[in-house]
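To start, the structure under review is shown below, and the notes come after it.
From a predicted model like this one, the values you see are computed outputs, not experimental measurements. Naming: A, B, ... by sequence-line order, numbering from 1 per chain.
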Amino acid sequence: MVSLDLLLNALAAGLLLGGFYAAVSLGISMAFGLLDIVNIAHPVFVILGSYAAYIMNARFGFDPILTGVLFTPVFYVLGVVLYRIYYASFERKGAESLRGLVFFFGVLFIVEVSLLLAFGVDYRMVEARYIGESIHIGPVGLAYRLLVPFVVGVMLTGALYWFLARTFYGRAVQAVAQDAFALRLMGANPFKVKSIAFGLAIATAALAGALLIMIGPVEPALNREYIGRVFAVAVLGGMGSISGTLVAALLLGVAESLTATFSGPSWSVAVSFAVLLLALAVRPAGLFGR
Amino acid sequence: MVGSRLVLRDVEAGYGAVRVLHGVSIDVNEGETVVLLGTNGNGKSTLIKCIMGIVRPERGEIALERDGERIDLIGRAPEDMVHLGITLVPEGRRLFPKLTVEENLMLGAFRAAARRDIAKNLDLCFEAFPVLRSRRRQLAGSMSGGEQQMLAIGRALMSTPAILLVDEPSVGLAPLLVSRVITTIRDLKERYHLTVLMAEQNFNQAVKIADRGYVIVHGQIAFEGRTEDLTEHELVKKYYLGL
């Protein structure tokens, strides 16, 4: 007999987790869906964001969210530099698809191995006063270590949505992969537009990483576990759709949470791949794909 | 609208070893509609591309004269032309198919100088092309060819252009739609005092709106004159009217 309390708690935890998944997946949805950049290294930048939060917390006692916000511009610059290297080496020569994939695979390994060499294989975590506490609404308990990532993740999604839908550069980002030449006829420089967009995509990883290490301990190879998940979210939501990413992330969060509660946590990783396969089979364009 | 004039002198241009334009000189004065006539492969589009900075001429001058100031256009990128007030409605329309009509129009207003005119320009577009208002939430790629051409012109108008370049607006459109698009360009020009340079191979439609015309044959200006002279000219009769 399934208890109602258990179900409600699993649903609530799943929704909170979903908000966090949105934060992790936004960057990949933007890069793949809007920029045609096959950045499979995105999850490793999230891990990098986690280590930034860890260092600032261990050394100076910074709150992880504060670190995430402070490192957002740093990651933005990192993204712009990375895009310029990618552009000069591959995109300009029209060799982006397969070689680009190899390039980002290489970036993934370099960052991961660098983290391994610097910090070892130990799990790292952050400390903040509110982590470990929770609020209760009726029978449902909401842990702050999930509630804070949820709120920040939803806010990040909202900010990115606003940028893409309401600003001139945001609209140019939506157009650049469709017809870069036509964009020049509108007075926008496609290279600059893509630099900004890729910078922002990587910048989201700074905050997402801070959220990740708040939810649980982090080690350098953890990004592998997230690759399947972020792809499931991005594909299900419709590559390039920000609102779709949020809805898909919430769905996946709930699906994982219910599976973990009623079938055991070891099954929850399988859920994302099942969702990914199902989405590809039934609706490859995703829920909100254009 | 700023008083702008386009001056081309002895422009020579081509692609690699193939020379397409052999010393072309034309003027487009403020408030004028000038049509560039010629059949396929004579260099109309290349000339438009030279003005827009898409093809770089090997020789000659292309300049924008604005408020007594002369701005050399050769060597500038297409995006710079937009900021100078020269906007192109490209051949084949080049809309953003997966964006809505409204999003396409808003991208037309990317030019910094046009952003404060957005509300005014949107009204202008919807007034000129009422179908765009009713389809504003529809994806551009799902519209008919004629509607797409209207959107392409509307999108160009969103940049508050001082000079509007239109490359082959009639290609791929049914005759009735060609007539409608041409008539709308005339209305826009009369009401908003636009300066227009249009490349077109449909002679009968083009002369309906032109003040002046140039006939371009094998990369050279074979004839220039006022519209009424054009229809009388032997060359035109031979090439276009089949007389």
Separation of Arg171(A) CZ from Leu105(B) CG (nearest 0.5 Å):
10.5 Å
So how far is it from Gln178(A) CD to Leu99(B) CG, rounded to the nearest 0.5 Å?
4.5 Å
Contact leader toward chain B among Ala165(A), Ala172(A), Ala188(A), where contacts are heavy-atom pairs under 4.5 Å:
Ala188(A)
Max heavy-atom pairs within cutoff under 4.5 Å with chain A, candidates Gly53(B), Ala114(B), Pro90(B), Pro97(B), goes to Pro97(B)
How about Tyr161(A): does its OH atom have over 12 heavy atoms from other parts shown lying under 6.0 Å from it?
no
Evaluation steps, side chain to side chain contact (heavy atoms under 4.5 Å, CB included), between Phe110(B) and Leu183(A):
CA-CA 9 Å; Phe110(B) 190 88; Leu183(A) 197 57; over 6 Å; no
Is the count of non-hydrogen atoms from other residues, nucleotides or ligands lying under 6.0 Å from Arg19(B) atom CZ greater than 12?
yes
Contacting moiety of Leu107(B), where chain A heavy atoms sit under 4.5 Å
both
Between Leu185(A) and the options Val89(B), Thr87(B), Ile54(B), the side chain to side chain contact (heavy atoms under 4.5 Å, CB included) test singles out Ile54(B)
At a heavy-atom separation under 4.5 Å, does Leu165(B) approach chain A through its side chain, its backbone, both, or neither?
neither
Are there more than 12 heavy atoms of other residues, nucleotides or ligands under 6.0 Å from atom CZ of Arg99(A)?
no
State the CD-CG distance between Glu103(B) and Leu164(A), to the nearest 0.5 angstrom.
10.0 Å
Steps toward side chain to side chain contact (heavy atoms under 4.5 Å, CB included) verdict (Arg155(B), Met186(A)):
CA-CA 9 Å; Arg155(B) 187 178 64 171; Met186(A) 307 293 106; 3.4 Å; yes
Would you call Arg184(A)-Glu79(B) a salt bridge at under 4.0 Å N-O?
yes
In terms of heavy-atom pairs under 4.5 Å with chain A, which of Ala109(B), Ala112(B), Gly108(B) leads?
Ala109(B)
For chain A, which candidate among Arg111(B), His83(B), Met81(B) shows the most heavy-atom pairs at distances under 4.5 Å?
His83(B)
When you measure from the centre of the six-membered ring of Phe168(A), is the NZ or CZ of Arg115(B) closer than 6.0 Å and no more than 45° off the axis?
yes
Met158(B) versus chain A, the contacting section by heavy-atom distance below 4.5 Å
neither
